[in-house]
There are 2 protein chains.
Amino acid sequence: MMKLSRLTDYAAVVMAQIARQPQQPHAAAELAEAVKLPHPTVSKTLKMLVKAGLLESQRGAQGGYRLARPAHEITAIDIITAIEGPVAMTECSQSDGDCDLLDTCGVADNWQRVSLAVRTLLDSVTLAHLAQTAPIKLPVRLPIQSIDLGATADT
Amino acid sequence: MMKLSRLTDYAAVVMAQIARQPQQPHAAAELAEAVKLPHPTVSKTLKMLVKAGLLESQRGAQGGYRLARPAHEITAIDIITAIEGPVAMTECSQSDGDCDLLDTCGVADNWQRVSLAVRTLLDSVTLAHLAQTAPIKLPVRLPIQSIDLGATADT
DNA sequence: ACCATAGAGGACTAAAATGGTACCCAATTC
DNA sequence: GAATTGGGTACCATTTTAGTCCTCTATGGT
C-alpha cells in the first residue's frame with residue numbers, strides 16, 4: 001500500500017509538535033503525553049531522529065529535544081529517511097547491483113525515474129508545512145504533463 | 001523505505017512483458033520463463049491482476065492472459081493498487097475513522113494532501129511508459145512550486 | 001467424448017519486517 | 001550526589017509478505 005511505517009508517522013507527528021515550539025527543549029515524556037503515544041515508542045523514534053541529525057538532544061535535568069534546523073529546512077523525505085531508510089520504490093531504484101533480473105525486467109530504469117519524481121515531491125514538503133494545524137492547500141493536480149514520461153525513444 | 005512489495009514489482013514486469021505483445025495470449029508458464037521467476041508466484045500475481053481487471057484470462061488450451069485495456073490506459077497506480085490495495089502514505093489518508101490520534105496528530109490532513117500528490121503522480125505513469133525498453137525521460141524536477149503547500153503560518 | 005492444457009481459488013507454511021518493551025548506562029543540573 | 005533525562009541494546013510478539021501446493025473448472029484439439 002506504499003504506506004509509511006507507523007513509526008514514521010509518529011516521527012512526523014512528534015517533529016511537528018516540536019516545530020510548533022522550537023525554542024524550548026521537549027522531553028520525551030512530555031511529547032509522548034502530548035501525542036498520546038507510549039513513552040518508550042516515542043523515545044525510540046526520537047533517538048532515530050537524533051541519529052539522522054534532525055533533532056538535537058540535551059541530556060540531564062531540563063534537557064530534551066530540539067530541532068537541529070529550522071522547520072522549513074527539514075523535509076518530509078528527511079523524516080521518512082530517518083526512520084525507514086532511503087526512499088525507493090523498488091530494490092533497484094536505490095542503488096545498483098542487487099537485482100539479478102535487470103535483463104528480463106526491462107522496467108527498472110523507468111521505475112527509477114518514477115521513484116525520483118516521488119522523492120522530489122516529498123522533498124518539497126517541509127516540516128513547516130506539515131506542522132501547520134490549518135490544512136495546507138494543495139491543488140489536486142500536479143502539472144504532471146511536464147514530466148517527460150512521453151514516448152521519447154531517443155536521447 | 002516506501003517500497004513496493006516484491007509482488008508488485010513482479011506484476012509490473014509481467015504486465016510490461018505482456019504489453020510488448022498485446023495481441024497474443026501469454027501463458028503463465030511462458031511469462032514465468034521470460035521473466036525468470038518461479039511459476040507459482042507469477043501465477044499468483046497474474047490472478048491478482050485479473051481480479052483487479054487489468055488482465056483478461058482465457059482458460060484452456062491456447063489460453064493465457066491478455067491486457068484488459070490498452071497499455072496506455074493502465075497506470076502505475078492501477079498495478080500497485082491491484083497488488084497492494086489503495087495507495088496511501090498513512091492510515092488516515094485512505095479513509096477516515098481508523099486513527100484515534102487525529103486531535104493530537106495535527107498532521108493528518110497535510111499528509112493526505114501529500115498522499116494525493118503522490119497518487120496523482122503515479123497515475124500519470126502508464127504501462128506503456130513502463131514497458132518501453134528505452135528508458136523514458138523524466139526531467140529531475142517536478143514543478144512543485146505549483147503545489148500550494150506554501151506557509152500559512154509563520155515565516 | 002475424451003484428454004491435454006491452462007487458469008481459478010483457496011489453504012497452508014516459512015520467513016522477515018515491524019512495533020513495542022524493558023533494562024541499564026551516561027550526562028546534566030540542582 | 002541525587003534526581004532527571006537522554007543513549008544504547010537486546011529481546012519478544014505480532015503482523016505482513018512471499019512462496020508453494022492442491023484441487024477444481026473451463027477450453028480446445030483429436
Side-chain angles (χ1 to χ4, degrees), chain A residues 1-14 18 24-68 80 82-86 88 90-91 101, chain B residues 1-11 13-14 18 24-33 35-68 80 82-86 88 90-91 98-99 101:
Chain A
M1 327 199 182
M2 277 209 59
K3 275 206 199 65
L4 302 175
S5 84
R6 227 184 289 181
L7 285 184
T8 307
D9 221 342
Y10 300 165
V13 174
V14 169
I18 298 176
Q24 51 189 281
H26 300 261
E30 172 213 323
L31 291 167
E33 170 62 21
V35 164
K36 299 263 201 316
L37 286 172
H39 179 179
T41 300
V42 169
S43 195
K44 186 181 188 175
T45 307
L46 288 166
K47 286 173 202 168
M48 290 195 256
L49 292 167
V50 169
K51 249 188 212 156
L54 305 187
L55 290 179
E56 280 171 357
S57 62
Q58 174 77 19
R59 288 186 176 188
Q62 318 308 324
Y65 295 92
R66 250 167 302 124
L67 297 185
I80 296 173
I83 309 293
E84 315 195 1
T90 59
E91 279 312 323
L101 296 173
Chain B
M1 328 199 181
M2 277 209 57
K3 275 206 199 65
L4 301 175
S5 83
R6 223 183 294 177
L7 285 183
T8 308
D9 222 341
Y10 299 165
V13 174
V14 169
I18 298 177
Q24 51 189 278
H26 299 262
E30 171 212 322
L31 291 168
E33 170 61 22
V35 165
K36 298 264 201 314
L37 287 172
H39 179 183
T41 300
V42 170
S43 194
K44 186 182 188 174
T45 307
L46 289 166
K47 286 174 200 169
M48 290 194 257
L49 292 167
V50 169
K51 249 189 210 155
L54 304 187
L55 290 180
E56 280 171 356
S57 62
Q58 174 78 19
R59 290 188 176 185
Q62 319 307 325
Y65 295 90
R66 248 166 303 127
L67 298 185
I80 297 173
I83 309 293
E84 315 195 2
T90 61
E91 281 309 326
D98 298 44
C99 182
L101 298 173

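Proteins come first, then strands; the chains are lettered A, B, ... in the order of their sequence lines, and each starts at number 1. Here the structure is a predicted model, which means the values were calculated and not measured.
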Got [X] and [Y] here, is their nearest side-chain heavy-atom distance under 4.5 Å?
X	Y	value
B/Val50	B/Tyr65	yes
A/Leu37	A/Tyr10	yes
A/Leu4	B/Met2	yes
B/Leu54	B/Leu67	no

Measure the distance from [atom1] on [X] to [atom2] on [N] and round it to the nearest whole Å.
X	N	atom1	atom2	answer
B/Glu30	C/dG7	CD	P	9 Å
A/Gln24	D/dT5	CD	P	13 Å
B/Glu84	D/dT17	CD	P	7 Å
A/Leu46	D/dG8	CG	C1'	15 Å
B/Leu7	D/dG19	CG	C1'	8 Å
A/Leu4	C/dG19	CG	P	10 Å
B/Glu56	C/dA6	CD	C1'	16 Å
B/Lys3	C/dA17	NZ	P	10 Å

With B for base contact, S for sugar-phosphate-only contact and - for none (protein heavy atoms under 4.0 Å), nucleotides 24-30 of chain D reads -BBBS--
Could you pull out all residues at least two apart from B/Glu56 that satisfy side chain to side chain donor-acceptor pair (under 3.5 Å)?
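Once residues adjacent in sequence are excluded, B/Glu56 has no partner under the side chain to side chain donor-acceptor pair (under 3.5 Å) criterion.
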Over all heavy atoms of both residues, which pair between A/His26 and A/Glu30 is shortest? Give the atoms and the distance, please.
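That closest heavy-atom pairing would be ND1-OE2, 2.8 Å.
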Distance check: side-chain N/O of [X] vs OP1/OP2 of [N], anything under 4.0 Å?
X	N	value
B/Tyr10	D/dG19	yes
A/Ser57	D/dG7	yes
B/Arg6	C/dA16	no
A/Ser43	D/dG7	no
B/Tyr65	C/dA8	yes

In chain order, what residues pass the side-chain contact (heavy atoms from CB on, under 4.5 Å) check against [X], with sequence neighbours excluded?
X	result
A/Ser5	A/Leu7, A/Thr8, A/Ile83, A/Glu84
B/Glu33	none
A/Arg66	A/Pro25, A/Gln58

For B/Ala29, answer base if it contacts any base atom (sugar-phosphate contacts may also be present), sugar-phosphate if it contacts only those atoms, and nothing otherwise; contact means non-hydrogen atoms under 4.0 Å.
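B/Ala29: no heavy atom of the nucleic acid under 4.0 Å.
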Looking at every strand, decide which applies to A/His39 at a 4.0 Å heavy-atom threshold: base, sugar-phosphate, or nothing.
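If one applies the 4.0 Å heavy-atom cut-off, A/His39 turns out to touch nothing in the nucleic acid.
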Please pick, from C/dG20, D/dT20, D/dG19, the nucleotide with the shortest atom-to-atom distance to any side-chain atom of B/Pro38.
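Closest nucleotide among those given: D/dT20.
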Under a 4.0 Å heavy-atom cut-off, which of residues 47-55 of chain B touch DNA chain D?
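Heavy-atom cutoff 4.0 Å gives no residues at all.
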Atom NE2 in B/His39, atom CG in B/Leu46: separation rounded to 0.5 Å?
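Rounded to the nearest 0.5 Å, the NE2-CG separation comes out at 8.0 Å.
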Please tell me which of B/Ala27 and B/Lys44 maps to the more 5' nucleotide of DNA chain C, matching each residue to the nucleotide holding its nearest heavy atom.
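This one resolves to B/Ala27.
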